Amino acid sequence: MKLQHVCVLGSTGSIGESTLDVIARHPDVLSVYALSANTRIDKLARQAAATGARVVVVPTDDAKRRFTDAWRGAAAMPEIRVGPQALADTAADPEVTTVMAAIVGAAGLPSALAAARAGKRVLLANKEALVAAGGLFMRTVRESGAELLPIDSEHNAIFQCMPRGRGAAAPSEPAKGVRRLLLTASGGPFRTTALDQLGAVTPDQACAHPNWSMGRKISVDSATMLNKGLEVIEAHWLFAMPVERIQVVVHPQSVVHSMVEYEDGSILAQLGQPDMRTPIAYGLGFPERIDSGVGLLSLAALGRLDFEEPDFERFPCLRLSFDALRTGQAACVALNAANEIAVDRFLKQQIRYTEIAHVIEDCLDKINGMSVSRLDSLDDVLALDAHTRKIASQRCLIQA
């Protein structure tokens, strides 16, 4: 395994922390070149001191001053780069071999695209790169010769179950012999909650995922299963799979991370602990397998594995995601943008949990009724994203 110099975009989040944990286990082949954070600057300073990062990226000059004040490292302070352009430039830095794209939301799209354009090994944990700009992103990967390795546990599982020899390239057609993709979903904290009680759900309840430890935004997405809907869109792009050949299956134990069904009736599944270090280690070590720090899985202790069909009445955001994918790229951009606004307002207790789906549906109706130009560039995508956010914000104000 060759030495990799890793840039971790979003290093203070849960994916970033897990990535640094795996890197620390393999100092002979993995080193940290750059880290970035948006708000937790003190934590970024501690991470930079512990890893010996040569570069850090922060959003503003004020954050730069905060980093300087927080620095307690014995070695020289890393170079501090400031702003969105610095983030994209760092992802494409010639010194970097591998980029962990773990910035949540549309804010992570430009830097992930920059890494792909520069031909890096891109470990993609940012959903929006594919949801909002799937065609553009995958075309960039193909043209640049970048390596693309999905880090979401579901897509990483599918990648591991795909036919051998496909490598980490961006496919232009479905793998030969594959009938369909089966994405598993835990069902979140409200899988069995009475429907008439969902309107009273609090942010803390929505963030209490039964199996995974995640940030608050993605935890809400998991509760609504919008997160799974975004993964359906991602799977479409990652594996060139038509929407009618992608199925979601609720699996409460979160042990089977996803499956691939073949034409002969065989189903290959990837199983493991609900620990993101497993797919992260797979991406960092590919094509080899390296220690992730994850413990043994006792199937005997687990005892059973359950599966059920998703309830679209309980999870309307999942239905909206399938609808958006069938409609086209503009609808996918709108879906993601509207959801980010709606979830933010819910977390601030400005709208009810059940209003999240209504906000998204209203925005999709408005965008679908517009004449949207082709989304051939990042600017096109970001313009539609910004426009949808305005519509969603106004819709939330009316509800509030």
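What you see is a predicted model; the values in this text were computed from it and never measured.
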Query raised in the report: Do V178 and E261 come close enough that some side-chain heavy atom pair is under 4.5 Å?
Result: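 Not in contact.
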I need the [X] [atom1] to [Y] [atom2] distance, nearest 0.5 Å.
| X | Y | atom1 | atom2 | value |
| --- | --- | --- | --- | --- |
| D385 | H387 | CG | NE2 | 11.5 Å |
| M100 | L123 | CE | CG | 4.5 Å |
| Y33 | R54 | OH | CZ | 5.0 Å |

Please tell me whether [X] and [Y] have a donor and an acceptor in their side chains that are separated by less than 3.5 angstrom.
| X | Y | value |
| --- | --- | --- |
| S377 | D380 | yes |
| R345 | S393 | yes |
| S266 | D264 | yes |
| Q394 | R389 | no |

**Report entry** E234/V131 under side chain to side chain contact (heavy atoms under 4.5 Å, CB included): CA gap, chis, key distance, verdict
**Finding:** CA-CA 6 Å; E234 286 183 274; V131 173; 4.2 Å; yes
Query raised in the report: Considering residues, nucleotides and ligands other than E313, do more than 12 of their heavy atoms fall under 6.0 Å from its CD?
Result: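 Open: at most 12 neighbouring heavy atoms sit under 6.0 Å from CD of E313.
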Check [Y] with [X], please: is the shortest side-chain N to carboxylate O separation under 4.0 Å?
| X | Y | value |
| --- | --- | --- |
| R65 | D69 | no |
| K366 | D362 | no |
| K64 | D61 | no |
| R180 | E244 | no |

Query raised in the report: R81 and T90: side chain to side chain donor-acceptor pair (under 3.5 Å), yes or no, with the steps?
Result: CA-CA 8 Å; R81 301 176 184 175; T90 301; 3.0 Å; yes
Query raised in the report: Going through the distances and angles, do T97 and K2 end up as a side chain to side chain contact (heavy atoms under 4.5 Å, CB included)?
Result: CA-CA 10 Å; T97 61; K2 296 180 180 179; over 6 Å; no
Query - Whether H251 and F307 hold their rings parallel, tilted or perpendicular, with breakpoints at 30° and 60° - result: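 Geometry flag for F307 against H251: parallel rings.
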Requested in this report: Look at the side-chain heavy atoms of Ile, Leu, Val, Met, Phe, Trp and Tyr, link any pair under 4.5 Å apart, and say whether I233 and F159 land in one connected group.
Outcome: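 In one cluster with I233: F159, yes.
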Report task. In sequence, state the C-alpha distance, the side-chain angles, and the governing distance for V343 and R216, and then conclude on side chain to side chain contact (heavy atoms under 4.5 Å, CB included). Result -> CA-CA 9 Å; V343 170; R216 287 175 71 79; over 6 Å; no
Report task. Determine which pairs satisfy salt bridge (Lys or Arg N to Asp or Glu O under 4.0 Å) with at least one residue from residues 35-52, sequence neighbours left out, and list them in order. Result ->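 Only E17-K43 qualify under salt bridge (Lys or Arg N to Asp or Glu O under 4.0 Å).
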Requested in this report: Quick one: closest heavy-atom pair of S321 and L335, and the distance?
Outcome: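 What the structure gives for the nearest pair is OG-CD2, 3.7 Å.
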Query raised in the report: Could you give all pairs that pass the ring-ring contact (aromatic ring centres under 6.0 Å, His included) test and reach residues 113-145, with sequence neighbours left out?
Result: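 For residues 113-145: none.
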Query raised in the report: Less than 6.0 Å separating the ring centroids of Y353 and F190?
Result: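 Yes, they do, as the ring centres are separated by less than 6.0 Å.
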